Amino acid sequence: MQIGNLHIDHPIFLAPMAGITDHPFRVICREYGVGVVYTEFVSANGIVRESAKTLDMVRFTPDERPIGIQLFGEDAATIAESAAIMAERFQPDIIDLNFGCPVPKVTKRGAGSAMLRDLDLMRRVVEATVAAVPDLPVTVKMRAGWDKSCIVASEAAAIIEAAGAVALTLHPRTTTQSFSGLADWSLIAEVKRTVSIPVVGNGDVRTPHDALRMFEETGCDAVMVARGALGRPWFFRQIGDLLAGREPQEVTLSEVTRVCRRHFELLLADRSEQLAVNLTKKHFSHYLKGFPNAGHWRKAFLSTESTASIGQLLDELDRFAEDAGTVTLPLASETGQHAG
Ligand SMILES: Cc1cc2nc3c(=O)[nH]c(=O)nc-3n(C[C@H](O)[C@H](O)[C@H](O)COP(=O)(O)O)c2cc1C
(Lines give C-alpha, C1' and ligand atoms only; values in the text may rest on other atoms or scores of the structure.)
Protein backbone atom coordinates (compact mmCIF):
# COMPACT_ATOMS: atom_id res chain seq x y z
CA MET A 1 0.00 0.00 0.00
CA GLN A 2 0.97 3.67 -0.34
CA ILE A 3 0.71 6.41 2.29
CA GLY A 4 1.24 9.48 0.14
CA ASN A 5 4.47 8.70 -1.63
CA LEU A 6 5.62 6.27 1.07
CA HIS A 7 5.46 2.62 0.06
CA ILE A 8 4.47 0.18 2.81
CA ASP A 9 5.52 -3.44 2.29
CA HIS A 10 3.24 -5.08 4.82
CA PRO A 11 -0.20 -3.66 5.73
CA ILE A 12 0.01 -4.47 9.45
CA PHE A 13 0.80 -1.56 11.79
CA LEU A 14 1.91 -1.31 15.41
CA ALA A 15 -0.39 1.21 17.12
CA PRO A 16 1.00 4.05 19.19
CA MET A 17 0.86 3.11 22.89
CA ALA A 18 1.97 5.58 25.55
CA GLY A 19 4.58 4.01 27.82
CA ILE A 20 4.83 0.88 25.64
CA THR A 21 5.93 1.61 22.09
CA ASP A 22 9.39 2.82 23.00
CA HIS A 23 12.52 2.35 20.90
CA PRO A 24 13.28 -1.28 21.94
CA PHE A 25 9.71 -2.45 21.51
CA ARG A 26 9.43 -0.82 18.09
CA VAL A 27 12.71 -2.42 16.94
CA ILE A 28 11.53 -5.84 18.09
CA CYS A 29 8.15 -5.46 16.38
CA ARG A 30 9.92 -4.51 13.15
CA GLU A 31 12.06 -7.65 13.53
CA TYR A 32 8.82 -9.62 13.69
CA GLY A 33 7.71 -8.08 10.41
CA VAL A 34 5.32 -5.28 11.35
CA GLY A 35 4.90 -2.86 8.43
CA VAL A 36 4.83 0.51 10.22
CA VAL A 37 5.52 1.63 13.80
CA TYR A 38 4.58 4.82 15.66
CA THR A 39 5.99 6.66 18.61
CA GLU A 40 3.62 7.10 21.49
CA PHE A 41 1.74 10.40 21.31
CA VAL A 42 3.92 13.41 22.04
CA SER A 43 2.82 16.85 23.08
CA ALA A 44 3.05 19.55 20.41
CA ASN A 45 3.38 22.12 23.20
CA GLY A 46 6.27 20.16 24.72
CA ILE A 47 8.07 20.01 21.37
CA VAL A 48 7.68 23.72 20.73
CA ARG A 49 8.91 24.44 24.30
CA GLU A 50 11.91 22.19 23.52
CA SER A 51 11.14 20.00 26.54
CA ALA A 52 14.06 17.55 26.75
CA LYS A 53 11.75 14.79 28.03
CA THR A 54 9.37 15.22 25.09
CA LEU A 55 12.15 15.35 22.50
CA ASP A 56 13.68 12.22 24.03
CA MET A 57 10.44 10.29 23.39
CA VAL A 58 10.72 10.65 19.62
CA ARG A 59 14.29 9.50 19.08
CA PHE A 60 14.41 6.49 16.77
CA THR A 61 16.94 4.46 14.79
CA PRO A 62 16.94 3.68 11.04
CA ASP A 63 15.95 0.02 11.62
CA GLU A 64 12.57 1.24 12.94
CA ARG A 65 11.57 2.81 9.61
CA PRO A 66 8.96 3.36 8.37
CA ILE A 67 8.01 5.22 11.52
CA GLY A 68 5.35 7.79 12.30
CA ILE A 69 5.68 10.43 15.02
CA GLN A 70 2.29 11.01 16.62
CA LEU A 71 1.45 14.52 17.84
CA PHE A 72 -1.33 15.80 20.06
CA GLY A 73 -2.32 19.31 21.00
CA GLU A 74 -5.17 21.76 20.94
CA ASP A 75 -3.85 24.62 18.84
CA ALA A 76 -3.45 24.36 15.07
CA ALA A 77 -0.45 26.70 14.79
CA THR A 78 1.44 24.96 17.63
CA ILE A 79 0.76 21.49 16.24
CA ALA A 80 1.92 22.62 12.79
CA GLU A 81 5.06 24.19 14.25
CA SER A 82 5.83 21.03 16.22
CA ALA A 83 5.42 18.96 13.03
CA ALA A 84 7.92 21.19 11.23
CA ILE A 85 10.39 20.79 14.12
CA MET A 86 9.97 16.99 14.01
CA ALA A 87 10.47 16.95 10.24
CA GLU A 88 13.64 19.00 10.46
CA ARG A 89 15.25 17.24 13.44
CA PHE A 90 14.20 13.62 13.04
CA GLN A 91 12.92 13.15 9.48
CA PRO A 92 10.21 10.62 10.37
CA ASP A 93 8.37 8.87 7.53
CA ILE A 94 4.93 10.00 8.70
CA ILE A 95 3.46 12.74 10.91
CA ASP A 96 0.34 11.37 12.60
CA LEU A 97 -2.24 13.52 14.40
CA ASN A 98 -3.97 12.17 17.48
CA PHE A 99 -7.72 12.79 17.45
CA GLY A 100 -8.47 9.74 19.55
CA CYS A 101 -7.07 10.03 23.07
CA PRO A 102 -9.99 9.81 25.54
CA VAL A 103 -8.01 10.66 28.69
CA PRO A 104 -9.65 13.65 30.49
CA LYS A 105 -6.28 15.33 31.17
CA VAL A 106 -5.89 15.57 27.37
CA THR A 107 -9.50 16.16 26.26
CA LYS A 108 -10.27 18.88 28.78
CA ARG A 109 -7.64 21.02 27.03
CA GLY A 110 -9.42 20.40 23.71
CA ALA A 111 -6.78 17.92 22.46
CA GLY A 112 -7.02 14.23 21.44
CA SER A 113 -10.58 13.03 20.91
CA ALA A 114 -12.02 16.41 21.99
CA MET A 115 -11.35 17.38 18.34
CA LEU A 116 -14.29 15.12 17.43
CA ARG A 117 -16.55 17.80 18.97
CA ASP A 118 -14.97 20.60 16.95
CA LEU A 119 -14.60 19.47 13.36
CA ASP A 120 -13.70 22.96 12.20
CA LEU A 121 -10.69 22.99 14.54
CA MET A 122 -9.85 19.46 13.35
CA ARG A 123 -9.86 20.71 9.75
CA ARG A 124 -7.61 23.66 10.63
CA VAL A 125 -5.16 21.39 12.47
CA VAL A 126 -4.85 19.08 9.47
CA GLU A 127 -4.55 21.93 6.97
CA ALA A 128 -1.91 23.75 9.01
CA THR A 129 0.12 20.59 9.56
CA VAL A 130 -0.01 19.57 5.89
CA ALA A 131 1.20 23.06 4.95
CA ALA A 132 3.99 22.94 7.57
CA VAL A 133 5.49 19.63 6.35
CA PRO A 134 4.93 19.62 2.58
CA ASP A 135 7.41 16.77 2.05
CA LEU A 136 5.95 14.37 4.61
CA PRO A 137 2.73 12.35 4.60
CA VAL A 138 0.33 13.61 7.29
CA THR A 139 -2.10 11.04 8.67
CA VAL A 140 -4.78 11.01 11.37
CA LYS A 141 -5.74 8.48 14.03
CA MET A 142 -9.17 9.01 15.52
CA ARG A 143 -12.06 7.52 17.40
CA ALA A 144 -15.59 7.32 15.99
CA GLY A 145 -17.11 10.18 17.97
CA TRP A 146 -17.47 11.67 21.42
CA ASP A 147 -20.40 9.52 22.55
CA LYS A 148 -23.07 7.38 20.97
CA SER A 149 -25.21 10.41 20.14
CA CYS A 150 -22.25 12.00 18.34
CA ILE A 151 -20.76 9.47 15.89
CA VAL A 152 -18.85 11.60 13.38
CA ALA A 153 -16.41 9.10 11.86
CA SER A 154 -17.50 9.49 8.23
CA GLU A 155 -18.08 13.25 8.41
CA ALA A 156 -14.69 13.75 10.06
CA ALA A 157 -13.00 11.40 7.57
CA ALA A 158 -14.28 13.46 4.61
CA ILE A 159 -13.01 16.67 6.27
CA ILE A 160 -9.64 15.09 7.03
CA GLU A 161 -9.24 13.91 3.43
CA ALA A 162 -10.23 17.31 2.01
CA ALA A 163 -7.76 19.00 4.39
CA GLY A 164 -4.90 17.03 2.84
CA ALA A 165 -4.25 14.03 5.11
CA VAL A 166 -3.12 11.03 3.05
CA ALA A 167 -4.39 8.19 5.28
CA LEU A 168 -6.45 7.75 8.40
CA THR A 169 -6.80 5.19 11.14
CA LEU A 170 -10.12 4.60 12.86
CA HIS A 171 -10.51 3.03 16.29
CA PRO A 172 -14.30 2.78 16.21
CA ARG A 173 -15.13 3.37 19.83
CA THR A 174 -16.36 6.67 21.28
CA THR A 175 -14.51 8.78 23.82
CA THR A 176 -17.00 8.01 26.57
CA GLN A 177 -16.69 4.30 25.81
CA SER A 178 -12.94 4.46 26.48
CA PHE A 179 -12.05 0.75 26.12
CA SER A 180 -15.42 -0.77 27.09
CA GLY A 181 -17.72 -2.67 24.77
CA LEU A 182 -16.57 -3.68 21.33
CA ALA A 183 -15.07 -1.65 18.52
CA ASP A 184 -17.80 -1.22 15.89
CA TRP A 185 -16.02 -2.45 12.79
CA SER A 186 -19.00 -1.49 10.58
CA LEU A 187 -17.85 2.14 11.02
CA ILE A 188 -14.48 1.25 9.48
CA ALA A 189 -16.34 -0.12 6.46
CA GLU A 190 -18.46 3.04 6.32
CA VAL A 191 -15.39 5.31 6.41
CA LYS A 192 -13.73 3.16 3.77
CA ARG A 193 -16.74 3.76 1.51
CA THR A 194 -16.63 7.51 2.23
CA VAL A 195 -13.03 8.42 1.43
CA SER A 196 -10.52 7.43 -1.21
CA ILE A 197 -7.37 7.76 0.96
CA PRO A 198 -6.18 4.53 2.63
CA VAL A 199 -8.11 3.56 5.77
CA VAL A 200 -6.38 1.68 8.57
CA GLY A 201 -8.70 -0.38 10.78
CA ASN A 202 -7.98 -0.63 14.49
CA GLY A 203 -9.69 -2.15 17.51
CA ASP A 204 -9.98 -5.57 19.11
CA VAL A 205 -7.60 -7.53 16.88
CA ARG A 206 -6.49 -10.20 19.36
CA THR A 207 -5.82 -13.21 17.13
CA PRO A 208 -4.28 -13.55 13.66
CA HIS A 209 -7.75 -14.57 12.43
CA ASP A 210 -9.20 -11.30 13.76
CA ALA A 211 -6.78 -9.41 11.49
CA LEU A 212 -7.86 -11.42 8.48
CA ARG A 213 -11.51 -10.90 9.39
CA MET A 214 -11.01 -7.14 9.78
CA PHE A 215 -9.67 -6.96 6.22
CA GLU A 216 -12.55 -9.06 4.92
CA GLU A 217 -15.38 -7.40 6.85
CA THR A 218 -14.33 -3.76 6.49
CA GLY A 219 -12.33 -3.58 3.25
CA CYS A 220 -9.66 -1.61 5.15
CA ASP A 221 -6.26 -1.11 3.55
CA ALA A 222 -4.24 -2.01 6.65
CA VAL A 223 -4.82 -3.31 10.17
CA MET A 224 -3.33 -1.65 13.24
CA VAL A 225 -2.79 -3.57 16.49
CA ALA A 226 -2.29 -2.20 20.00
CA ARG A 227 -3.23 -4.44 22.97
CA GLY A 228 -2.95 -7.65 20.94
CA ALA A 229 0.78 -6.95 20.64
CA LEU A 230 1.31 -5.75 24.20
CA GLY A 231 4.05 -8.05 25.51
CA ARG A 232 3.56 -10.18 22.36
CA PRO A 233 5.59 -8.72 19.48
CA TRP A 234 5.63 -12.16 17.83
CA PHE A 235 1.93 -11.53 17.12
CA PHE A 236 3.06 -9.72 13.96
CA ARG A 237 4.84 -12.81 12.66
CA GLN A 238 1.73 -14.88 13.40
CA ILE A 239 -0.47 -12.45 11.44
CA GLY A 240 2.09 -12.52 8.60
CA ASP A 241 1.96 -16.34 8.64
CA LEU A 242 -1.81 -16.34 8.30
CA LEU A 243 -1.88 -13.70 5.55
CA ALA A 244 0.67 -15.77 3.64
CA GLY A 245 -1.58 -18.81 3.91
CA ARG A 246 0.50 -20.59 6.57
CA GLU A 247 -0.65 -21.82 9.95
CA PRO A 248 0.48 -19.20 12.54
CA GLN A 249 3.52 -20.51 14.37
CA GLU A 250 3.18 -20.77 18.13
CA VAL A 251 5.72 -19.19 20.44
CA THR A 252 7.91 -21.17 22.79
CA LEU A 253 9.08 -20.01 26.16
CA SER A 254 12.64 -19.95 24.81
CA GLU A 255 11.54 -17.41 22.25
CA VAL A 256 9.88 -15.28 24.93
CA THR A 257 13.15 -15.37 26.85
CA ARG A 258 15.09 -14.36 23.76
CA VAL A 259 12.74 -11.37 23.24
CA CYS A 260 13.18 -10.34 26.89
CA ARG A 261 16.95 -10.43 26.50
CA ARG A 262 16.79 -8.46 23.25
CA HIS A 263 14.61 -5.79 24.86
CA PHE A 264 16.95 -5.60 27.86
CA GLU A 265 20.02 -5.23 25.64
CA LEU A 266 18.38 -2.50 23.55
CA LEU A 267 17.51 -0.64 26.77
CA LEU A 268 21.06 -1.02 28.11
CA ALA A 269 22.44 0.49 24.91
CA ASP A 270 20.04 3.42 25.05
CA ARG A 271 19.35 4.31 28.69
CA SER A 272 21.02 4.92 32.05
CA GLU A 273 21.40 1.92 34.38
CA GLN A 274 18.52 3.03 36.62
CA LEU A 275 16.13 3.76 33.76
CA ALA A 276 17.08 0.48 32.03
CA VAL A 277 16.21 -1.42 35.25
CA ASN A 278 12.88 0.36 35.68
CA LEU A 279 11.84 0.00 32.05
CA THR A 280 12.91 -3.65 31.98
CA LYS A 281 10.61 -4.37 34.92
CA LYS A 282 7.69 -2.67 33.19
CA HIS A 283 8.13 -4.42 29.85
CA PHE A 284 8.92 -7.84 31.34
CA SER A 285 5.64 -7.72 33.29
CA HIS A 286 3.94 -7.75 29.87
CA TYR A 287 6.20 -10.36 28.22
CA LEU A 288 6.09 -12.84 31.10
CA LYS A 289 2.51 -14.01 30.90
CA GLY A 290 0.58 -17.05 29.80
CA PHE A 291 2.94 -19.89 30.78
CA PRO A 292 3.26 -22.04 33.94
CA ASN A 293 5.02 -20.13 36.74
CA ALA A 294 4.86 -16.81 34.86
CA GLY A 295 3.82 -15.03 38.08
CA HIS A 296 6.94 -16.26 39.86
CA TRP A 297 9.19 -14.85 37.12
CA ARG A 298 7.37 -11.51 36.98
CA LYS A 299 7.83 -11.15 40.74
CA ALA A 300 11.50 -12.12 40.52
CA PHE A 301 12.24 -9.47 37.89
CA LEU A 302 10.20 -6.87 39.78
CA SER A 303 12.46 -7.30 42.81
CA THR A 304 15.70 -6.73 40.88
CA GLU A 305 17.67 -3.56 41.53
CA SER A 306 20.52 -3.74 39.02
CA THR A 307 21.19 -4.67 35.42
CA ALA A 308 23.61 -7.37 36.68
CA SER A 309 20.84 -9.14 38.61
CA ILE A 310 18.51 -8.86 35.61
CA GLY A 311 21.24 -10.57 33.53
CA GLN A 312 21.50 -13.39 36.08
CA LEU A 313 17.75 -13.88 36.20
CA LEU A 314 17.61 -13.98 32.41
CA ASP A 315 20.18 -16.82 32.49
CA GLU A 316 17.97 -18.67 35.00
CA LEU A 317 14.91 -18.04 32.82
CA ASP A 318 16.83 -19.47 29.86
CA ARG A 319 17.51 -22.69 31.78
CA PHE A 320 13.87 -22.85 32.94
CA ALA A 321 12.71 -22.40 29.33
CA GLU A 322 15.03 -25.16 28.12
CA ASP A 323 13.67 -27.53 30.76
CA ALA A 324 10.10 -26.50 29.94
CA GLY A 325 10.76 -27.77 26.42
CA THR A 326 7.64 -27.60 24.32
CA VAL A 327 5.60 -25.17 26.41
CA THR A 328 3.95 -22.79 23.97
CA LEU A 329 1.85 -19.68 24.45
CA PRO A 330 -1.77 -19.50 23.28
CA LEU A 331 -2.43 -17.60 20.06
CA ALA A 332 -5.02 -15.21 21.52
CA SER A 333 -4.04 -12.54 24.03
CA GLU A 334 -5.56 -12.95 27.45
CA THR A 335 -8.46 -10.52 27.06
CA GLY A 336 -10.17 -12.58 24.41
CA GLN A 337 -11.24 -11.74 20.94
CA HIS A 338 -13.64 -9.55 19.04
CA ALA A 339 -17.05 -11.14 18.77
CA GLY A 340 -17.63 -10.04 15.20
C1 LIG B 1 -1.41 1.40 27.01
C2 LIG B 1 -2.03 2.09 25.84
C3 LIG B 1 -1.53 3.30 25.42
C4 LIG B 1 -2.08 3.95 24.30
N5 LIG B 1 -1.50 5.11 23.85
C6 LIG B 1 -1.96 5.68 22.70
C7 LIG B 1 -1.28 6.79 22.11
O8 LIG B 1 -0.27 7.29 22.61
N9 LIG B 1 -1.80 7.28 20.94
C10 LIG B 1 -2.92 6.74 20.33
O11 LIG B 1 -3.34 7.20 19.27
N12 LIG B 1 -3.55 5.69 20.88
C13 LIG B 1 -3.08 5.14 22.01
N14 LIG B 1 -3.70 4.02 22.50
C15 LIG B 1 -4.84 3.44 21.76
C16 LIG B 1 -4.37 2.36 20.79
O17 LIG B 1 -3.46 2.89 19.85
C18 LIG B 1 -5.55 1.70 20.05
O19 LIG B 1 -6.23 2.68 19.30
C20 LIG B 1 -6.56 1.05 21.00
O21 LIG B 1 -5.89 0.36 22.05
C22 LIG B 1 -7.45 0.07 20.24
O23 LIG B 1 -6.70 -0.92 19.60
P24 LIG B 1 -6.51 -2.41 20.20
O25 LIG B 1 -7.89 -2.98 20.37
O26 LIG B 1 -5.68 -3.13 19.19
O27 LIG B 1 -5.86 -2.26 21.55
C28 LIG B 1 -3.19 3.38 23.63
C29 LIG B 1 -3.70 2.16 24.07
C30 LIG B 1 -3.13 1.51 25.15
C31 LIG B 1 -3.69 0.18 25.58
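Each ligand, and each atom within it, is numbered from 1 in the order the structure gives. Here the structure is a predicted model, which means the values were calculated and not measured.
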Nitrogen or oxygen atoms of [X] and ligand 1 under 3.5 Å apart:
| X | answer |
| --- | --- |
| Val205 | no |
| Glu40 | no |
| Phe41 | yes |

Subject >> Sub-4.0 Å heavy-atom contact, Cys101 with ligand 1 >> reply: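 No; Cys101 lies far enough from ligand 1 that no heavy-atom distance drops under 4.0 Å.
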Original post:
Is the closest heavy atom of Tyr38 to ligand 1 under 4.0 Å?
Top reply: no
Is a salt bridge present between [X] and [Y], judged by a nitrogen-to-oxygen distance below 4.0 Å?
| X | Y | value |
| --- | --- | --- |
| Arg261 | Asp315 | yes |
| Arg124 | Asp120 | yes |
| Arg173 | Asp204 | yes |
| Asp96 | Lys141 | no |
| Arg258 | Asp318 | no |
| Lys53 | Asp56 | no |

Give the atoms of ligand 1, by number and element, whose distance to some non-hydrogen atom of [X] is under 4.0 Å.
| X | value |
| --- | --- |
| Asn98 | 9 (N), 10 (C), 11 (O) |
| Gly203 | 23 (O), 25 (O) |
| His171 | 19 (O), 20 (C), 22 (C) |
| Asp204 | 24 (P), 25 (O) |

**OP:** Might you work through the salt bridge (Lys or Arg N to Asp or Glu O under 4.0 Å) test for Asp22 and Arg59, ending with a clear yes or no?
**Re:** CA-CA 9 Å; Asp22 58 3; Arg59 276 188 304 114; over 6 Å; no
Original post:
Are Phe291 and Trp297 near enough that their ring centres are under 6.0 Å apart?
Top reply: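 Between Phe291 and Trp297, the centre distance exceeds or equals 6.0 Å.
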Tell me the protein heavy atom at minimum distance from [atom], and give that distance in Å.
| atom | result |
| --- | --- |
| atom 9 (N) of ligand 1 | Gln70 OE1, 2.8 Å |
| atom 5 (N) of ligand 1 | Ala18 N, 2.8 Å |
| atom 27 (O) of ligand 1 | Arg227 NE, 2.6 Å |
| atom 26 (O) of ligand 1 | Ala226 N, 2.9 Å |
| atom 20 (C) of ligand 1 | Phe179 CE2, 3.6 Å |
| atom 23 (O) of ligand 1 | Asn202 ND2, 3.0 Å |

Original post:
Parallel, tilted or perpendicular: which fits the ring planes of Phe25 and His283, with parallel below 30° and perpendicular above 60°?
Top reply: parallel
Original post:
Which atom pair, heavy atoms only, marks the closest approach of Cys29 to Phe236?
Top reply: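 It is SG-CE1, 3.7 Å.
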Original post:
Phe179 ring centre to Arg143 NZ or CZ under 6.0 Å, with the angle to the axis within 45°?
Top reply: yes
Original post:
With respect to atom 28 (C) of ligand 1, which of Pro16, Pro102, Ala15 exhibits the smallest heavy-atom separation?
Top reply: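 Nearest heavy atom to atom 28 (C) of ligand 1 lies in Pro16.
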Subject >> The one among Arg143, Lys141, Met17 that brings a heavy atom closest to atom 15 (C) of ligand 1 >> reply: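 Result: the heavy atom closest to atom 15 (C) of ligand 1 is in Lys141.
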